[in-house]
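Below, chain A is the first sequence line, B the second, and so on; all start at residue 1.
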There are 2 protein chains.
Amino acid sequence: METILIIEDDSSMLRGLTDNFAYAGYNVLTASDGEKGLNAALDAKPDLILLDIMLPKINGYEICRLIRKEKLDMPIIMLTAKGEESDIILGLNLGADDYVTKPFSIKELLARAAAFLRRRKQKEKDSYKFGDFVLDISARKLTKKNEEIELSPKEFKLLEFFLKKQGKALTRDEILNAVWGYNSFTGHRSIDRFVTTLRNKIESGPHSPVFIHTLREIGYKFESI
Amino acid sequence: METILIIEDDSSMLRGLTDNFAYAGYNVLTASDGEKGLNAALDAKPDLILLDIMLPKINGYEICRLIRKEKLDMPIIMLTAKGEESDIILGLNLGADDYVTKPFSIKELLARAAAFLRRRKQKEKDSYKFGDFVLDISARKLTKKNEEIELSPKEFKLLEFFLKKQGKALTRDEILNAVWGYNSFTGHRSIDRFVTTLRNKIESGPHSPVFIHTLREIGYKFESI
DNA sequence: CAAAACCGTAACAAATCGGTAACAAGCTCC
DNA sequence: GGAGCTTGTTACCGATTTGTTACGGTTTTG
C-alpha cells in the first residue's frame with residue numbers, strides 16, 4: 001500500500017485530506033507542524049508528500065529544500081492559499097513537483113497524486129515469487145536464491161502462464177491456446193513434455209515442494225502453497 | 001539542449017508559447033494538429049510535450065494515450081480552456097503529468113516545465129561504467145582502462161540504449177524503435193549484425209565477461225555483472 | 001482382476017533461430 | 001570524384017529448441 005504524508009497545520013483541512021486519502025486506499029501519515037513533518041518525511045520515507053506552505057516552526061519551502069538536500073526524491077505536492085505566481089515558481093524551483101492552490105477540488109488532488117504514483121509504479125518491475133524462486137518478467141529470468149536458471153522460450157512462456165493462473169485448474173486446451181497460440185497444431189502430449197522439463201528445473205530436489213500438480217483427465221494446476 | 005514539442009492549433013497561442021520557450025533556451029518543435037503532433041512525438045522523442053486538448057484530427061487525450069501506449073515516458077503537460085474537474089482527472093488518468101488551464105501564467109508554465117526537466121536530468125547519467133569500460137555520453141567515447149575504443153554512430157547509440165536499459169529484456173522491436181526510430185524500415189537481423197560488432201569490441205578477450213546476453217525469440221539483455 | 005485410459009519421460013527428428021561472413025549501397029571527408 | 005568508413009541485407013551454418021512417438025508405470029473402470 002502507498003504511504004502518503006500530509007503536512008498541514010489547519011486541523012479541519014488536515015482531517016478532510018486524511019479522510020479522503022484514507023478512503024482512497026492510502027496509508028496516511030500526518031504532521032501538524034514543519035518540524036514534525038520534516039522528521040516524518042526523513043524517517044518514514046513516504047511515497048508522496050502533501051505539503052502546506054504556511055506552517056509553524058519550519059515553512060513548506062524550507063522543508064522541500066531540506067528533503068531534496070537529503071536526496072529523497074518522492075513527489076511533493078504543495079498546497080497553499082497563496083496563488084501568487086512568484087510563490088508557485090519559487091516552490092517548483094525548490095524541488096516541488098506540483099502546486100495546488102486552495103481552494104482546490106479534492107478529486108483533482110487525488111488524481112494528481114495518483115498520476116505521480118502511477119508513474120513510479122510503472123517503473124517497478126513485475127515479478128512472481130513462488131518458494132525460493134522468482135520469475136522476473138521484465139528481466140526475463142528465473143532465479144532460485146539469486147542463482148539464475150535457464151529457461152527456453154516455451155518453458156518461460158508456460159511458467160509465466162502457470163503463475164498468472166495460480167491455483168486455477170487449467171485444461172490442456174487452455175494451455176495450448178495461451179502458450180502455443182490458438183491456431184497451433186501442436187498435440188496435447190507436447191504440453192506434458194514441457195511440464196516434465198519445467199518440473200526438472202523447479203522441483204528437482206528431494207524435499208522441494210510440488211508446484212505443478214497433475215489433474216488427471218483435465219490438465220495441470222500451479223500452486224505455490 | 002532540451003527539446004520541447006508544442007501541439008496547439010491556435011496559431012497566436014502557438015506563437016506565444018514558441019517565443020517564450022525558445023527565449024528560455026529550449027529547442028522548440030511545433031505541430032498544429034493532432035496527427036502531426038503524434039507523429040512528431042513518436043519521431044523526435046522530445047523531452048517534454050505541451051499538449052492542447054481540443055485539436056483537429058486527433059484530440060489531446062487520444063494523443064496522450066497513444067504516446068503512453070508506445071512506452072514513451074516523457075512528461076506531458078496538458079493545456080486547455082476547459083477547467084472542468086472531470087476533464088482534469090481524465091487527462092491525468094490517461095498519463096498526463098500536469099494540467100494547466102487557460103488563461104495561465106507563462107512564467108508558471110515555464111517553471112512547471114523546468115521542474116519536470118530538472119527531475120529528469122537528475123536521474124540521467126552522462127557516463128556509464130561496466131567492467132573495465134566507461135561510456136562517456138557527453139564526450140561521445142568509449143574507453144577501456146583509459147584506452148579509447150572507436151565506435152561508429154549506430155554502435156554508440158545501441159550501446160547507450162543497452163546501458164540505459166541494463167538488466168531489462170529488450171525486444172528487437174523496442175531496440176529498433178529506440179535506436180533506429182519508429183518509422184525505419186530496417187530489418188530485425190540488422191540488429192544482430194550490430195550486436196556482433198559491439199561484442200567484438202567489448203567482449204573480445206577470452207576471459208572477458210559477457211555483457212550482451214541473447215534472449216532467444218525476444219532480443220537481447222545487457223548485464224554488467 | 002484385467003483392460004483401458006492416462007500420464008511421465010527418454011529418444012529422436014525436424015524446425016527454428018541467432019552468429020557471422022560477405023557483399024552492396026550510402027555517406028563523408030578529402 | 002574517389003578512398004574509406006558505415007550501414008543494411010542476405011545466405012549459410014551450427015546450436016538449441018520443439019514436437020512426436022514409443023515404452024512403461026500408475027490409476028481408473030468394468
*Which is true for A:Thr214 with a 4.0 Å heavy-atom rule: it touches a base, it touches only sugar-phosphate, or it touches nothing?*
sugar-phosphate
*Is a donor-acceptor contact shorter than 3.5 angstrom present between the side chain of A:Arg189 and the base of C:dG8?*
yes
*Could you state the CD-P distance from B:Glu217 to D:dT17, rounded to the nearest angstrom?*
10 Å
*asked:* Under a 4.0 Å threshold between the charged nitrogen and the carboxylate oxygen, would B:Arg65 count as salt-bridged to B:Glu62?
replied: yes
_Counting the benzene-type ring for Trp, do B:Phe161 and B:Trp180 have ring centres under 6.0 Å apart?_
no
*Within the structure, does a side-chain N or O atom of B:Trp180 lie under 4.0 Å from either OP1 or OP2 of D:dT7?*
no
*Is the gap between the ring centers of B:Phe130 and B:Phe222 under 6.0 Å?*
yes
*Between atom CG in B:Asp192 and atom C1' in C:dA21, what is the gap in whole Å?*
14 Å
*asked:* Ignoring hydrogens and geometry beyond distance, is the side chain of B:Arg172 in donor-acceptor contact with the base of C:dG18 at under 3.5 Å?
replied: no
*How close or far is atom C1' of D:dT17 from atom CG of A:Leu198, stated in whole angstroms?*
14 Å
_Could you tell me how far apart A:Lys157 (NZ) and D:dT17 (C1') are, to the nearest whole angstrom?_
14 Å
_C:dG18 base / B:Arg216 side chain donor-acceptor hit below 3.5 Å_ = no
*When all nucleic acid strands are considered with a 4.0 Å heavy-atom cut-off, which category describes A:Thr196: base, sugar-phosphate, or nothing?*
base
_Whole-Å distance separating the CD1 atom of A:Ile218 from the P atom of C:dC6_ = 11 Å
*Using only side-chain N and O atoms of A:Tyr220, determine if any of them is under 4.0 Å from OP1 or OP2 of C:dG8.*
yes
*Within the structure shown, what part of the strands sits under 4.0 Å from B:Arg199 by heavy-atom distance: base, sugar-phosphate, or nothing?*
sugar-phosphate
*With the side chain of A:Pro153 defined as its heavy atoms from C-beta on, choose the nearest nucleotide among C:dG8, D:dG19, D:dT17.*
D:dT17
*Would you call B:Arg112 and B:Glu108 a salt bridge, taking side-chain N to carboxylate O under 4.0 Å as the test?*
yes
*When all nucleic acid strands are considered with a 4.0 Å heavy-atom cut-off, which category describes A:Leu215: base, sugar-phosphate, or nothing?*
sugar-phosphate
*asked:* Do the side chains of B:Arg68 and B:Asp97 get close enough for a salt bridge, i.e. N-O under 4.0 angstrom?
replied: yes
_In whole Å, I'd like the distance from the CD1 atom of A:Ile191 to the P atom of C:dG8._
11 Å
*asked:* If the cut-off is 4.0 Å, is B:Ser190 near the phosphate of D:dT7, judged by side-chain N/O to OP1 or OP2?
replied: no
*Choosing from C:dT16, D:dT18, D:dG8, which nucleotide comes nearest the side chain of B:Thr186?*
D:dG8
*Below 4.0 angstrom, N of the basic side chain to O of the carboxylate: do B:Asp136 and B:Lys141 qualify?*
no
*How close or far is atom P of D:dT17 from atom CZ of A:Phe194, stated in whole angstroms?*
10 Å
*Can you check the B:Arg193 CZ to C:dA24 C1' distance for me, whole Å?*
12 Å
*asked:* Return whichever of A:Gly187 or A:Leu151 has its heavy-atom-nearest nucleotide of DNA chain D closer to the 5' end.
replied: A:Leu151
*Give one of base, sugar-phosphate or nothing for A:Phe156, where a contact means two heavy atoms less than 4.0 Å apart.*
nothing
